[in-house]
Number of protein chains: 2
Amino acid sequence: MARPLVPLISIDALVTAALELVDEAGDFSLPKLAKRIGVSQSSIYNHVSGREEILELMRGRIITESPYVLEDGQDWEAALRAIVRSYRDAFARHPRLAPLLVLQTVQDDQVLALYENLAVALQEAGFRGRDVVSAISTIDSFALGFALDLAAPDVVWAPPAQGYPTLTSALTHAGPSDERGEAAFDFGLEILIAGLHSRLQPTAS
Amino acid sequence: MARPLVPLISIDALVTAALELVDEAGDFSLPKLAKRIGVSQSSIYNHVSGREEILELMRGRIITESPYVLEDGQDWEAALRAIVRSYRDAFARHPRLAPLLVLQTVQDDQVLALYENLAVALQEAGFRGRDVVSAISTIDSFALGFALDLAAPDVVWAPPAQGYPTLTSALTHAGPSDERGEAAFDFGLEILIAGLHSRLQPTAS
DNA sequence: TACGATAAACGAAAGCCTTTCGCTTTTATG
DNA sequence: CATAAAAGCGAAAGGCTTTCGTTTATCGTA
C-alpha cells in the first residue's frame with residue numbers, strides 16, 4: 001500500500017488502542033497494537049520513537065482523564081486528599097498500566113504539574129527544606145504502592161492452611177479483594193494525613 | 001554431553017547467578033543465566049518450573065539474607081520498625097529486583113512469616129478486624145513504594161527549567177539521590193507510625 | 001548381579017517480541 | 001512544477017521463553 005489519502009495512524013488512536021490492550025491483557029506489544037489499528041508494525045515508527053514513548057503517552061492520558069480540583073480557600077489537607085485520590089483513580093481505571101510505568105522517569109507535563117501542586121500544598125502546610133521532598137517521596141511511595149495493589153493478583157498473600165494464624169484470620173475479615181483494596185486505601189490516606197499533622201505539631205496542641 | 005558425574009546445576013547456584021544478573025543488568029533471561037553457569041538453556045528446566053519460579057526463589061533469598069530480630073518484651077512500634085527496615089534493606093541490596101516481583105503472588109515461606117509477624121504486632125497494638133488488613137496493606141504499599149524508589153532512575157522527576165518553581169526548589173534542597181531516598185524513608189516511617197498511633201487514640205491522650 | 005526407572009544434560013525448533021532498513025507513493029513547499 | 005518530507009508496506013535480524021525428544025549415568029531392588 002502506498003501513502004493513504006488520510007493517515008491511518010494518529011497518536012491519539014495509538015494511545016487509545018494501546019490502553020485497550022493493556023486493560024485487556026495487562027501488556028501491549030507492537031505487533032498486537034498494529035493489528036488492532038489495522039496497519040503494519042513498522043508504520044508505527046513513523047509516529048513515535050518506540051515502545052517507551054507510547055508508555056509515557058499513556059501516563060499522560062490517564063492523568064488527564066482523572067482531573068482533580070483545587071479550590072481557592074482550600075486547606076492543604078483537602079488539596080492533598082484531592083491530588084492523591086485523583087492519582088489513584090487514574091490507575092484504578094487502568095490498573096494494569098501501573099507496573100509498566102514504575103521504571104520510567106516522569107516527563108509528562110500534566111504529571112509534573114500534579115507534583116508541583118503537591119509541593120505547594122506541603123509548603124503551605126508548613127513543611128520546609130528537605131522535609132518537602134521527603135513528604136513528596138512518602139506520598140508518592142504510598143500512592144504508587146496502592147496503584148500497584150490494584151494490578152496485583154486477587155490473592156496477594158497465599159498462606160498455606162497451616163501456620164500463619166493471625167495473617168489468615170485477618171484476611172478472612174477483609175472480604176473480597178476489591179473491598180479490601182478500597183478500605184485499605186481510605187485507611188492509609190487517613191493514616192498518612194494524621195502522620196503529617198503530627199510532624200507539624202510535635203507537641204500536642 | 002551426557003549426564004555429568006556431579007550435577008552442574010543446583011538451585012542455589014541458579015538463584016545466585018540470577019541475582020547477579022539482576023544486580024548488574026536489571027533483568028535476567030534464561031539464555032544469559034545458562035551461559036553464566038555454563039549449561040544450556042533447556043537444562044535449567046530440570047531444576048525449576050520456569051522463569052517465575054526463579055523469581056520467587058530470589059524473593060525468598062533476599063528476605064533470608066536480611067533478617068530482623070524480634071525481642072521478647074518489644075512493643076509493637078519497635079517490631080514494626082524492625083520488620084519494615086529489614087524488608088527495605090533487602091531491596092536496598094538488590095534494588096533492581098523489586099520491579100520484577102511486584103506482580104507475583106507471595107508464596108515464599110520466609111516472606112509469609114514476615115507478614116504474619118506484622119499481623120501479630122498490629123493486633124498487639126490494638127487493631128482489630130478489617131483494620132489489621134488495612135494497616136498491613138498500607139505498610140506494604142509504603143515499603144513496596146520505597147523499594148521501587150531504589151530502582152528508579154536517579155532523576156525521578158525531570159521538570160524543565162521553566163515552571164514548577166516549588167518542586168524545583170524543593171528538589172535542590174534534597175541533595176544527591178541516595179541521600180534523598182534515605183532521608184525520605186526515615187521520614188516516611190515516622191509518619192506512618194505516628195499515623196497509626198493516632199488511629200489508636202482518636203482523642204488526644 | 002542385572003535391570004529398569006529416574007535424573008540431568010543436550011540440540012532443535014516453535015512462536016513470541018522490538019527495531020531497522022529499503023521501497024513506494026502521496027502530499028506539501030518553495 | 002520539482003523536490004523533500006511523510007506515511008504506509010514487507011522483509012529480516014536478533015532477542016526472548018518454553019517444549020520436545022534423545023542420550024547417558026546413577027541408584028534401588030529383585
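Since we're looking at a predicted model, the values are computed, not measured. Order of the sequence lines fixes the chain letters, A, B, ..., with proteins taken first and strands second; residue numbering starts at 1 for each chain.
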Whole-Å gap separating [atom2] ([N]) and [atom1] ([X]):
{"X": "Leu8(B)", "N": "dT26(D)", "atom1": "CG", "atom2": "P", "result": "13 Å"}
{"X": "Gln41(B)", "N": "dC16(D)", "atom1": "CD", "atom2": "C1'", "result": "8 Å"}
{"X": "Ile44(A)", "N": "dC17(C)", "atom1": "CD1", "atom2": "C1'", "result": "13 Å"}
{"X": "Leu14(A)", "N": "dA7(D)", "atom1": "CG", "atom2": "P", "result": "12 Å"}
{"X": "Glu52(B)", "N": "dT18(D)", "atom1": "CD", "atom2": "C1'", "result": "13 Å"}
{"X": "Tyr45(A)", "N": "dT19(C)", "atom1": "OH", "atom2": "C1'", "result": "5 Å"}
{"X": "Ile11(B)", "N": "dA7(C)", "atom1": "CD1", "atom2": "P", "result": "13 Å"}
{"X": "Leu33(A)", "N": "dC17(C)", "atom1": "CG", "atom2": "C1'", "result": "13 Å"}

Mapping Leu5(B) and Arg51(B) to their closest nucleotides on DNA chain D, which lands nearer the 5' end? Arg51(B)
Is the shortest side-chain N to carboxylate O distance from Glu20(A) to Lys32(A) below 4.0 Å? no
Salt-bridge present (Arg130(B), Asp186(A); N to O < 4.0 Å): no
Identify which one of Leu148(B), Asp149(B), Val102(B) satisfies the side-chain contact (heavy atoms from CB on, under 4.5 Å) criterion when paired with Leu144(A). Leu148(B)
What nucleotide among [options] has an atom nearest to a side-chain atom of [X]?
{"X": "Pro7(A)", "options": "dA9(C), dG8(D), dT20(C)", "result": "dG8(D)"}
{"X": "Ile9(B)", "options": "dA9(C), dT19(D), dG8(D)", "result": "dA9(C)"}
{"X": "Asn46(A)", "options": "dA9(C), dG8(D), dT18(C)", "result": "dG8(D)"}

Whether [X] contacts [N] is assessed here as follows: a side-chain N or O lying under 4.0 Å from the phosphate OP1 or OP2. Is that the case?
{"X": "His47(A)", "N": "dA6(D)", "answer": "no"}
{"X": "Ser43(A)", "N": "dC9(D)", "answer": "yes"}
{"X": "Ser29(A)", "N": "dC17(C)", "answer": "yes"}

So, Thr16(B) and Arg61(B): side-chain donor and acceptor under 3.5 Å apart, yes or no? yes
Side chains of Tyr68(A) and Asp89(A), donor plus acceptor under 3.5 Å: no
Nearest-nucleotide check on DNA chain C, Ser42(A) vs Lys32(A); residue mapping nearer the 5' end is Lys32(A)
